[in-house]
Amino acid sequence: MQTNLQPKLHVAIIMDGNGRWAEARGLPRPAGHEAGADSVRAVVRAAVEHQVTALSLYAFSTYNWRRPPAEVAGLMGLLRHFLMIEVPWLRDFGVRISVLGRRDRLPLGLARAIGHAERSTRDGRRLHLRIAIDYSARDAILAAAADHLTAEALAERLATEDVDLMIRTGGDQRLSDFLLWESAYAEFYFTEVKWPDFGPDEFAAALADYRSRTRSFGGVRPSPAGLTSAGNSPSA
Ligand code: FPP
């Protein structure tokens, strides 16, 4: 079991490549998302095993509403199913679930599943799993900035924390409006591997790569690899 002394480590993942994974196999795109949900299960377990303290997954952006209605409906159903089915073992594993993003445009069943998952896992202390659904970092920053002007208050309103390691699968190298504020001093790890093929071994490789880096947070390079951004003030 984690103690409160465990160093913080926040990993964020842009899970890209589901559609191409499915198309390469002659399958419909939703099959790629279903395979992607298997990767989510495996990577959450791996994150707990590797003492990651926070894991943020980009599941659906505000721009994803532009996708074909059937694909959107499939994704919403998959997310609802995941939240309903996986909660018992996640709770037993000490995982706390939070969902980032707008709730008002989600199907009622999904909004209810989110509420249930958040309530029943709120005592989880090993890993804080944040799932971003109908999420835009710019919208989140705008909403937080509306009446909170200090950096500390704004960070609190964003309901997340500084990202240490940002992973993107699927070959592209961009942030796509995910955790912009929180990634100010994140290390980036890009891989060609498509999300449904990204499992515990790939996750361990990304963490090993991260731990081999030196993080200076804008200062002179003093820190050994693996030091997290928690408690460090960027100086440049
Ligand atoms: C991007 O791949 C992926 C998404 C838009 C959806 C991510 C959702 C999952 C992995 C499903 C399950 C998630 C959870 C949290 C249970 P893409 O479709 O844009 O791939 P492409 O670039 O190959 O078309």
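One-based numbering, in listed order, for ligands and for the atoms of each. Numbering starts at 1 and runs along the sequence shown. The figures that follow rest on heavy atoms only: side chains count, while hydrogens, waters and symmetry mates do not. If you're wondering where the values come from, they're calculated on a predicted model, not measured in any experiment.
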Practice task
Verify whether the ring centers belonging to Tyr58 and Tyr135 lie closer than 6.0 Å.
Solution key: yes
Problem - Over 12 foreign heavy atoms within 6.0 Å of CZ, Arg112 - result: no
Exercise for the section: Considering non-hydrogen atoms only, spot the tightest contact between Met166 and Leu179 and give its length. Expected result: CE-CB, 4.4 Å
Problem - Atom-level proximity to ligand 1, residues with heavy atom under 4.0 Å - result: Met15, Asp16, Gly17, Asn18, Gly19, Arg20, Arg29, His33, Gly36, Ala37, Val40, Ala59, Asn64, Arg67, Leu75, Leu78, Leu79, Phe82, Ile131, Trp195
Exercise for the section: Before accepting this row, confirm whether a basic side-chain N of the pair Glu23/Lys194 lies closer than 4.0 Å to the acidic partner's carboxylate O. Expected result: no
Practice task
Verify the neighbour count for atom CD of Glu156: are there more than 12 heavy atoms of other residues, nucleotides or ligands below 6.0 Å?
Solution key: no
Exercise for the section: Step through the shown structure and confirm whether more than 12 heavy atoms of other residues, nucleotides or ligands are within 6.0 Å of NE2 on His50. Expected result: yes
